[in-house]
Amino acid sequence: MQTLAEGLRLPTNGLDYAILAIYFVVVLGIGFMARASVRTSLDFFLSGRSLPAWVTGLAFVAANLGATEILGMAATGAQYGVAVVHWYWIGAIPAMVFLGLVMMPFYYRSKVRSVPEFLLQRFDKSAHLLSSVLFAFAAILIAGVNLYALSIVVEALLGWPQWVAIVVAGLFVLVYITIGGLSSAIYNEVLQFFVILAALIPLTVLGLKRVGGWDAMSDSLTKQHGGDFMTAWGGTGIGDANPLGANWLTIILGLGFVLSFGYWTTNFAEVQRALSAKNLSAAKRTPLIAAFPKIFIVFAVMIPGLVAAVIVPKIGTPDSDLTYNDAIPLLMQELLPNGVLGIAVTGLLAAFMAGMAANVSSFNTVFTTDIWQRYVVKDKPDTYYLRFGRLITAIGVLASIGTAFIAASFSNIMSYLQTLFSFFNVPMFVVFIIGMFWKRASMKSGVWGLVAGTAAAMVNYFWIYKGGIIDIPSDQGANFVSAIVGFVAGAVVMVVVTLFTAPKPEAELAGLVYGTESPSPDEELEKADKAWYRKPALLGWGAIVLAAACYIPYSF
């Protein structure tokens, strides 16, 4: 198994461990306080749909800001340069705005408890069951990535044995989710959001100071890697070579549309936070509120990666014992004094737990409500499903420990995650988007679109790319192409199947397809403060304009 370089062991002392201990006590305290609000399965899985927008918005961005995001995006910055901004300003913000303004009304008004449950209403049981199984499998794989990344970091940085790191982190996540349900996970994610920023901001500021500022860093990296390394779009013409190994078309279609919309609009680990909001207005604002910090977080993960590439010019190459994933730990060792180091280690562990908790809490919801309750053990009292939800949470954590080892073969864990998204999220997105905007899409087209999209993405990655049939310069470029292939295959198959199978009765599509009215509009869903800053459309356009403005300095 790949580990971080031995030379990255941190000089932690009692102060650092005290800060870490205080954090763990607070996390468990939040879990026990949240327990009082868990009386039904809806409380456990969706916080009783009672949380304010600012809480769900911060939890939404924190659920994504796991350690895989921090380590992976810093690694991507060290490997590909400034092109990492594409994952935020093209690969996140537009999709988050689309989710808030267009898709959340469908999700929230239908009162579904999960994303796959929406497919049951729009298509049929076969599409629902397959999407539930695929999502549950993907959630465990992604939770395993967080555990794997945590174990190698903690082993190298703190000297803990790998199995101890896995067990300790897994148990803490298990305890506070099992006790307090989604409310515990969400309130802890709000706390973790600020702890993570407290860890990343000093790294970013001190890192820039270490290399002489932005201009000195830019000059150094341009000499090492060429001018395109420090621009977002340089060298992305079709047929041109660039550090990312992708052209503008695959960036816009593969990342900006297919992968991005597939992840942000159908990944229940994210959508679950919005579904827990207290009303439709709060649910719509959840991803829009999250979009504003998302715009700026890129600087806190990209700059440490660039700084690491200056400090260790050969990072990630056979000439160095450091991989790209070592960028953040390297700066922690090089730059942070004790006390601040304790905060940084705490922030890193908080990030691991935020990412893992998001996937485990979404896994237990989907497995309990969409698989167990729907197809295995039906019509039991609500207390039975509440107990089963807690049991399956424990099983999910144990399964995540097993899947942690799959991530070992990837030197850049963000590449591994993007591969998983192209396999699982993209096919689900094409089924959703066609089902929502095309009334004629038949009931059977959903399941066959999922099958075709998943199979096509896997064939492209494992056979065409890995088999060397087509030369794609990098794993990231291959992921973009796989996403496009999966989307196109799923869409084509859905259209063909629709032509030969029966559509869903139009009366059953009310509120499920764009342009149709909900059969029983609920005024409570629409209740909202009329203040201008609470209007989702203004928030959405504001995020888009701000993200576009941020691109200007990186486009030349």
Side-chain angles (χ1 to χ4, degrees), residues 61 63-66 68-69 72-73 75-76 79-80 83-99 102-103 115 131 134-135 138-139 141-142 145 232-233 236 244-271 287 290-291 294 298 301 355 359 410 412-434 449-450 452-462 464-465 472-491 547:
V61 71
N64 175 253
L65 193 59
T68 50
E69 171 88 358
M73 282 305 176
T76 302
Q79 185 174 3
Y80 301 122
V84 71
V85 299
H86 293 315
W87 273 266
Y88 290 79
W89 300 335
I90 283 183
I93 304 303
M96 294 167 77
V97 171
F98 184 81
L99 170 64
V102 178
M103 295 189 73
V115 168
S131 65
L134 288 175
F135 178 82
L141 285 174
I142 296 170
V145 175
W233 293 104
T236 59
L244 188 59
N247 57 56
W248 65 269
L249 184 62
T250 55
I251 291 172
I252 292 174
L253 291 182
L255 174 62
F257 176 61
V258 182
L259 274 172
S260 170
F261 280 67
Y263 174 80
W264 291 103
T265 65
T266 67
N267 183 14
F268 186 48
E270 299 292 338
V271 176
K294 186 72 175 175
V298 63
V301 292
N359 284 283
F410 286 78
N412 184 333
I413 51 180
M414 187 52 63
S415 293
Y416 175 54
L417 284 178
Q418 296 289 322
T419 302
L420 295 180
F421 296 154
S422 69
F423 292 169
F424 299 111
N425 292 95
V426 167
M428 198 174 296
F429 170 62
V430 68
V431 172
F432 266 85
I433 204 69
I434 290 180
L450 284 172
T454 302
M458 289 183 173
V459 166
N460 180 79
Y461 187 84
F462 290 115
I464 296 177
Y465 167 57
I472 302 176
S474 68
D475 283 346
Q476 291 288 12
N479 290 332
F480 298 164
V481 174
S482 295
I484 295 171
V485 169
F487 183 89
V488 171

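Only heavy atoms go into these numbers, but all of them, side chains included; no hydrogens, no water, no symmetry mates.
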Q: Do Phe429 and Phe257 make the cut of ring centroids closer than 6.0 angstrom?
A: yes

Q: For Pro427 and Ser422, work out which heavy atoms get closest and say how close.
A: CD-O, 3.7 Å

Q: Please name the pair of heavy atoms, one in Asn359 and one in Ala139, separated by the smallest distance, quoted to 0.1 Å.
A: CB-O, 3.6 Å

Q: Would you list the pairs meeting side-chain hydrogen bond (donor to acceptor under 3.5 Å, both in side chains) in which at least one residue belongs to residues 480-490, sequence neighbours left out?
A: Asn460-Ser482

Q: Carefully, step by step, assess Phe462 and Phe423 under the rule ring-ring contact (aromatic ring centres under 6.0 Å, His included).
A: CA-CA 11 Å; Phe462 290 115; Phe423 292 169; 5.5 Å; yes

Q: Quick one: does any side-chain atom of Glu270 pair with a main-chain N or O of Tyr263 as donor and acceptor, under 3.5 Å?
A: no

Q: What pair of heavy atoms forms the shortest contact from Trp87 to Thr76, and how long is it?
A: CZ3-CG2, 3.9 Å

Q: Give me the atom names and distance for the closest heavy-atom approach of Val431 to Gly449.
A: CG2-C, 4.0 Å

Q: With side chain to side chain contact (heavy atoms under 4.5 Å, CB included) as the test, pick out the partner of Met428 among Leu450, Thr265, Thr454.
A: Leu450

Q: Looking at every heavy atom in both Asn247 and Leu249, which two are closest together, and how far apart are they?
A: OD1-N, 3.0 Å

Q: Of all the heavy-atom pairs spanning Trp264 and Val271, show the shortest one and how long it is.
A: O-CG2, 4.1 Å

Q: Roughly how far apart are Leu259 CG and Leu253 CG, rounded to 0.5 Å?
A: 11.0 Å

Q: Should Ile251 and Trp233 count as side-chain neighbours, where that means a heavy-atom distance under 4.5 Å?
A: yes

Q: Distance-only check: which donor-acceptor pairs under 3.5 Å involve side-chain atoms of residues 88-96, not counting sequence neighbours?
A:
unit_1	atom_1	unit_2	atom_2	d
Tyr88	OH	Glu69	OE2	2.5
Trp89	NE1	Ile295	O	2.9

Q: Is the shortest heavy-atom distance from the side chain of Tyr461 to the side chain of Val481 under 4.5 Å?
A: no

Q: Applying the side chain to side chain contact (heavy atoms under 4.5 Å, CB included) test to Asn425, which of Leu420, Val258, Thr266 qualifies?
A: Thr266

